[in-house]
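The block underneath contains the structure these notes are about, expressed in C-alpha cells.
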Amino acid sequence: MSNPLVQAFFVGRAVAEVINERLEVAVTDALSDLGKFDAEAREQMRQFTDEVVERANRAAEAANAGQSTSGGGYSGSDSVDLQATIDELRAEIALLRNELQRYRSSSV
C-alpha cells in the first residue's frame, strides 16, 4: 500500500463498514428494548384492567347484596335529610336571585 490515495480509500471503506455494523447493533438493541417495553406495558395494562374489573365486580356484588338485604334503597331518615337539603338549596338559590336582581337594579 504505497499509494496514499488507495490507502485512504480502504481506510474510509473500513470506517464505513465499522460504523454501519455498530449502527446496526445499536438499532437492533434499541428495537429490542422498545419491544420489551411495549410487551411489559401491555402486560401491566392488562393486569391493571383485570384488577379494576375485579374490584368493580366485587363492589357491584356487595351493592346488590346490600340492596337485597336492606329492602332496596334509602331509609326514611335518608330521604328526609335529602329533601331538607334540597329545600335549603332552593331557598339559597332564591335568596341569591333576589340579591342579584337588587344588584342589577341598583347598578343601572
Side-chain angles (χ1 to χ4, degrees):
M1 277 206 188
S2 61
N3 189 350
L5 190 58
V6 174
Q7 184 178 6
F9 170 75
F10 285 113
V11 169
R13 183 175 168 189
V15 167
E17 288 175 355
V18 170
I19 289 174
N20 190 24
E21 289 171 3
R22 290 192 180 184
L23 185 62
E24 183 180 329
V25 167
V27 168
T28 303
D29 289 346
L31 290 175
S32 174
D33 290 342
L34 183 64
K36 287 178 190 175
F37 174 75
D38 183 48
E40 289 172 359
R42 286 177 189 257
E43 179 62 21
Q44 288 177 357
M45 183 57 92
R46 186 192 61 77
Q47 289 174 354
F48 175 77
T49 304
D50 289 347
E51 185 176 347
V52 167
V53 169
E54 182 181 329
R55 285 187 186 191
N57 288 339
R58 275 191 269 148
E61 288 173 3
N64 287 338
Q67 278 185 345
S68 63
T69 59
S70 69
Y74 294 105
S75 66
S77 64
D78 288 343
S79 63
V80 170
D81 293 340
L82 182 60
Q83 188 59 47
T85 303
I86 291 171
D87 291 341
E88 289 174 11
L89 289 173
R90 285 181 178 161
E92 287 181 30
I93 290 170
L95 180 65
L96 288 172
R97 282 184 181 163
N98 229 358
E99 291 294 324
L100 186 60
Q101 284 177 347
R102 275 200 287 154
Y103 174 77
R104 285 181 181 164
S105 66
S106 67
S107 66
V108 173

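- Separating the CD atom in E40 from the CG atom in D33 is a distance of 9.5 Å, to the nearest 0.5 Å.
- Here N3 contributes atom CG and F10 contributes atom CZ; the two are 10.5 Å apart, rounded to the nearest 0.5 Å.
- Within a 6.0 Å radius of CZ in R55, no more than 12 heavy atoms belonging to other residues, nucleotides or ligands are found.
- Residue I19 holds its CD1 atom at 11.0 Å from CD of E17, rounded to the nearest 0.5 Å.
- Residue R97 places its CZ atom among 12 or fewer non-hydrogen atoms of other residues, nucleotides or ligands, all under 6.0 Å distant.
- A heavy-atom distance below 4.5 Å is not found between the side chains of R42 and R46.
- Considering only residues two or more places apart in sequence or on other chains, R90 meets the side chain to side chain donor-acceptor pair (under 3.5 Å) condition with none of them.
- Here the CE-CG distance, from M45 to D50, works out to 11.5 Å after rounding to the nearest 0.5 Å.
- In this model, no donor atom of one side chain and acceptor atom of the other lie less than 3.5 Å apart for E61 and N57.
- T28 places a side-chain N or O within donor-acceptor distance of the main-chain N or O of E24, the cut-off being under 3.5 Å.
- Side-chain polar atoms of Q47 and E51 form no donor-acceptor pair below 3.5 angstrom.
- Once rounded to the nearest 0.5 Å, the distance linking CD1 of I93 with CG of L89 reads 6.0 Å.
- Through direct or relayed side-chain contacts under 4.5 Å between Ile, Leu, Val, Met, Phe, Trp and Tyr, L23 connects to V27, L31.
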